[in-house]
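First the structure, in the form of structure tokens, and then the observations on it.
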Amino acid sequence: VAWSSSVAFQRNKPAAIGVKAPFPAFIEPALASSTEKVPSGERWIHEIKFDGYRVQVHLANETAKISTRRGHDWTHRFKKVAHDAWRIKANSAVVDGEIVVPAADGTTDFSVLQNELKGKSRSIVLVAFDLLYLNGRDIRKLPLFQRKAELKKILTGTDIQFSESFAIDGREMFAHACKLGLEGVVSKVRDGAYPAGRTNDWVKKTCVQRETLTIAGFALDGTKWDGIYVGRRKGDDLIYAGKVDHGFDKASAADLQKRLKPLIRKTQPYAKRIAHKGIWVEPKLLAEIEYRAKSAEGKVRHPFFRGLR
């Protein structure tokens, strides 16, 4: 009888996963290659691409350490996340994820995150998407879907967000992500081991949107060109839509300045004043702007000047 109960006990014990291994030092993070087309088919699962800081969380001896993607210890900068990670239900773990500041609309914005880090950073959140080591065992060789299942279990009841995978058509997923103004999509081989460095097992595609916006002013840093302020027409009003710093070369900046100088005016052309210093112009010139996403207030994120309309 004693023998049979011990057999039963062994049967109920979860099978050990992965390979027994000492707690690792920093592990080179898997990086996604850019792709023109989001892959489709059962081989792939898709996740939302977040706009944040890639980090690796090491949990051991009841302390959490947070490293950047290059392996620098940033625990002091990400105190809130270290505190959240302390509640992970594991004796030891290595978690791969992204630290973000979620907006009310569910999108994430790197510039908002950078501002958060200058302050006390109460609103930063870790979005975890992979698990590399768990309770004394290296699980990098397990298939991704299994690593994610283990990760989901140990995150329950914590403030860490689990990055869900979607087993839907890649193109459909991408269309939804862009429509919602998200950063893009990362597609991963469902049965794949954790890749070392940049491979084609993880691929990413970023949402790019284009819009014709009105130039409301420009900025100079001393005498150096420093971008344009743009607006969006709403009836008779011009609403602030952001500042565009990228996409100019010497020639296009000089040409733009030449066209804008005769249009200079004293006041901002915006319906509602903004707290930026600029050289304001009559809102006559239209610019083609490429961007990743829009904030809730309609500001373009990661804008790029593509030319005048």
Side-chain angles (χ1 to χ4, degrees), residues 29-41 43-55 68-70 96-116 124-130 144 161-190 192 195 197-213 227 230 232 241-249 287-307:
L31 299 173
S33 302
S34 292
T35 181
E36 281 301 309
K37 207 167 119 220
V38 180
S40 283
R43 185 167 175 250
W44 299 89
I45 52 176
H46 312 280
E47 297 173 19
I48 290 163
K49 183 178 189 306
F50 294 97
D51 189 13
Y53 265 105
R54 178 74 176 275
V55 293
T68 63
R69 62 181 268 185
R70 307 220 184 281
D96 190 2
E98 190 104 2
I99 288 181
V100 300
V101 175
D105 58 3
T107 59
T108 52
D109 186 346
F110 191 72
S111 60
V112 178
L113 175 61
Q114 285 179 313
N115 291 338
E116 267 295 317
I124 60 173
V125 172
L126 173 66
V127 181
F129 47 72
D130 212 329
L144 170 65
Q161 214 175 307
F162 174 72
S163 175
E164 291 288 350
S165 302
F166 300 90
I168 63 170
D169 179 74
R171 281 174 295 244
E172 196 187 328
M173 169 84 179
F174 184 69
H176 281 304
C178 296
K179 197 171 149 201
L180 291 170
L182 299 170
E183 166 87 355
V185 168
V186 180
S187 307
K188 300 174 179 178
V189 174
R190 183 183 177 273
R198 201 177 295 281
T199 67
N200 288 321
D201 274 9
W202 289 18
V203 294
K204 62 182 176 186
K205 185 164 169 59
T206 307
C207 297
V208 171
Q209 301 177 42
R210 266 189 177 214
E211 194 178 346
T212 303
L213 295 168
V230 290
R232 192 179 283 108
K243 181 169 183 260
V244 184
D245 300 328
H246 298 286
F248 307 98
D249 56 24
E288 188 76 5
I289 305 299
E290 203 169 78
Y291 58 91
R292 296 261 185 91
K294 266 192 303 216
S295 74
E297 307 83 57
K299 263 170 59 184
V300 288
R301 293 186 176 153
H302 308 288
F304 196 90
F305 175 75
R306 282 288 175 206

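For this chain, numbers begin at 1 and follow the sequence in order. Below, each value reflects all heavy atoms present in this structure, side chains not excepted, and no hydrogens, waters or symmetry copies.
Evaluation of the side chain to side chain donor-acceptor pair (under 3.5 Å) rule for Glu36 yields no partner, not counting sequence neighbours. When the ring pair (Phe, Tyr, Trp, His ring centres under 6.0 Å) test is applied to Phe305, the partners found at least two apart in sequence or on another chain are Phe248. Residues passing the salt bridge (charged side-chain N to carboxylate O under 4.0 Å, His left out) test with Arg190, sequence neighbours excluded: none. In this view, Arg210 and Glu288, Glu290 satisfy the salt bridge (charged side-chain N to carboxylate O under 4.0 Å, His left out) rule, not counting sequence neighbours. Every residue two or more places apart in sequence or in another chain was checked for a salt bridge (charged side-chain N to carboxylate O under 4.0 Å, His left out) with Lys205, and none qualifies. Remark: Ala128 pairs with Val95, Leu151, Leu155, Ile160 by the side chain to side chain contact (heavy atoms under 4.5 Å, CB included) rule, at least two apart or across chains. By the side chain to side chain contact (heavy atoms under 4.5 Å, CB included) test, Pro29 pairs with Phe26, Arg54, Arg69, Tyr194, sequence neighbours left out. Residues meeting the side chain to side chain donor-acceptor pair (under 3.5 Å) test with Glu211, sequence neighbours left out: Arg232, Tyr291. Contacts of Lys243 classified as side chain to side chain donor-acceptor pair (under 3.5 Å), with partners at least two apart in sequence or in another chain: Asp226, Asp245. For Asp201, there are no salt bridge (charged side-chain N to carboxylate O under 4.0 Å, His left out) partners, not counting sequence neighbours. With sequence neighbours excluded, the residues that form a side chain to side chain contact (heavy atoms under 4.5 Å, CB included) with Lys299 are Tyr240, Ser295.
To the nearest 0.5 Å, atom OH of residue Tyr53 and atom CD of residue Glu98 are 11.0 Å apart. Here Arg306 contributes atom CZ and Thr212 contributes atom OG1; the two are 13.5 Å apart, rounded to the nearest 0.5 Å.
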Please walk me through it: do Val203 and Trp44 pass side chain to side chain contact (heavy atoms under 4.5 Å, CB included)?
CA-CA 10 Å; Val203 294; Trp44 299 89; 4.1 Å; yes
Test side chain to side chain contact (heavy atoms under 4.5 Å, CB included) applied to Asp51 and Arg301, step by step
CA-CA 11 Å; Asp51 189 13; Arg301 293 186 176 153; 5.5 Å; no
Criterion side chain to side chain contact (heavy atoms under 4.5 Å, CB included) on Arg43 and Val189, from CA distance to verdict:
CA-CA 6 Å; Arg43 185 167 175 250; Val189 174; 3.8 Å; yes
Check the pair Lys37 / Arg171 against side chain to side chain contact (heavy atoms under 4.5 Å, CB included), numbers first and verdict last.
CA-CA 8 Å; Lys37 207 167 119 220; Arg171 281 174 295 244; 3.6 Å; yes
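The side-chain heavy atoms of Leu31 and Trp202, taken from C-beta on, include no pair separated by under 4.5 Å. With contacts defined as side-chain heavy-atom distances shorter than 4.5 Å, the pair Leu213/Val300 qualifies. Annotation: side chain of Val38 is in contact with side chain of His46 (closest heavy-atom distance under 4.5 Å). Looking at Leu144 and Asp130, their side chains come closer than 4.5 Å, going by heavy atoms from C-beta outward.
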Check: residues 161-168 side-chain donor-acceptor pairs under 3.5 Å, at least two apart:
from: Glu164; atom 1: OE2; to: Lys152; atom 2: NZ; distance (Å): 3.1
from: Ser165; atom 1: OG; to: Lys148; atom 2: NZ; distance (Å): 3.0

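Of all non-hydrogen atoms in Ala30 and Pro195, the two that sit nearest each other are CB-O, 3.3 Å. Nearest heavy-atom pair across Phe174 and Thr206 is CZ-O, 3.8 Å. The shortest heavy-atom contact between Ile99 and Leu126 is CG1-CD1, 4.0 Å. Nearest heavy atom pair, residue Val185 against residue Ala177, reads CG2-CB, 3.9 Å.
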